[in-house]
Amino acid sequence: MGQLSVPALLPDMRRVDHTAIRQVRYPVFMLLGRHDLTTPSSVIEPWLEKLQAPLKQLVWFEQSAHLAPHEEPGRFLMALVQQVRPAALRH
């Protein structure tokens, strides 16, 4: 799938500066694979630190790269149920 989607999406993705987003009114969860080279944490962590949000949380998947839902499906589901869902219900 990546072989088809990346060439099609990458030019548009490069034009968008997500770091310009400084404040949101909703909870933000970043679910990251520790070994992800596609979305490196060196970009996400500093941005998340500066972001103003009612709740923000970084959830690490130690045995995953870019596809944590497939690489650690049970742990990913538990993160959604135990962390993301309660926040969504509160907000």
Side-chain angles (χ1 to χ4, degrees):
M1 171 99 94
Q3 294 171 347
L4 297 174
S5 62
V6 171
L9 297 174
L10 194 56
D12 287 338
M13 291 171 56
R14 285 187 173 157
R15 284 192 284 273
V16 176
D17 179 13
H18 293 95
T19 62
I21 301 169
R22 307 261 186 227
Q23 183 176 6
V24 295
R25 297 181 303 189
Y26 46 81
V28 174
F29 288 84
M30 299 305 293
L31 304 156
L32 301 177
R34 181 66 74 182
H35 308 287
D36 192 343
L37 301 178
T38 305
T39 310
S41 61
S42 61
V43 173
I44 301 300
E45 286 182 297
W47 172 77
L48 190 61
E49 268 184 42
K50 294 177 185 175
L51 181 69
Q52 294 179 4
L55 172 66
K56 53 188 183 177
Q57 188 170 350
L58 184 66
V59 180
W60 284 110
F61 294 87
E62 298 295 336
Q63 305 303 315
S64 296
H66 189 63
L67 300 173
H70 301 284
E71 296 164 327
E72 295 183 66
R75 185 159 188 280
F76 194 88
L77 176 61
M78 293 307 295
L80 292 176
V81 170
Q82 294 176 341
Q83 295 166 282
V84 177
R85 185 175 186 275
L89 292 174
R90 283 194 302 271
H91 291 87

Closest heavy-atom pair and its distance - [X], [Y]:
X   : Y   : result
V28 : A53 : CG2-CB, 4.3 Å
E71 : Q63 : CB-O, 4.4 Å
A87 : P27 : O-CG, 4.2 Å
E72 : S64 : OE2-OG, 2.8 Å
P11 : A8  : CD-O, 4.0 Å
P46 : S41 : CD-O, 3.8 Å

> Are any of the side-chain heavy atoms of Q82 and P86 separated by less than 4.5 Å?
Replying inline: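 A side-chain contact is absent here, since even the closest heavy-atom pair is not under 4.5 Å.
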
> Heavy-atom distance under 4.5 Å between the side chains of L80 and M78, does that happen here?
Replying inline: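 No, their side chains stay 4.5 Å or more apart.
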
Hey, any chance [X] and [Y] share a hydrophobic cluster, counting ILVMFWY side chains that come within less than 4.5 Å of each other, even indirectly?
X   : Y   : answer
M30 : I21 : yes
V59 : V81 : no
V24 : V84 : no

>> Checking the side chain of K56 only, and the main-chain atoms of L51 only, is there a donor and an acceptor separated by less than 3.5 Å?
In response: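 Pair found, side chain donor or acceptor close to backbone of L51.
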
> Does the Q52 side chain pair with the main chain of R22, one donor and one acceptor, at a distance under 3.5 Å?
Replying inline: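 Flag not set: sc Q52 to bb R22 has no pair under 3.5 Å.
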
Nearest 0.5 Å, what's the [atom1]-[atom2] distance between [X] and [Y]?
X   : Y   : atom1 : atom2 : result
Q83 : L55 : CD    : CG    : 9.5 Å
L31 : Q57 : CG    : CD    : 8.5 Å
L32 : E62 : CG    : CD    : 10.5 Å
K50 : E45 : NZ    : CD    : 13.0 Å

>> I need the full list of ring-ring contact (aromatic ring centres under 6.0 Å, His included) pairs touching residues 45-66, with sequence neighbours left out, sorted by first then second residue.
In response: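 ring-ring contact (aromatic ring centres under 6.0 Å, His included) check on residues 45-66 returns F61-F76.
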
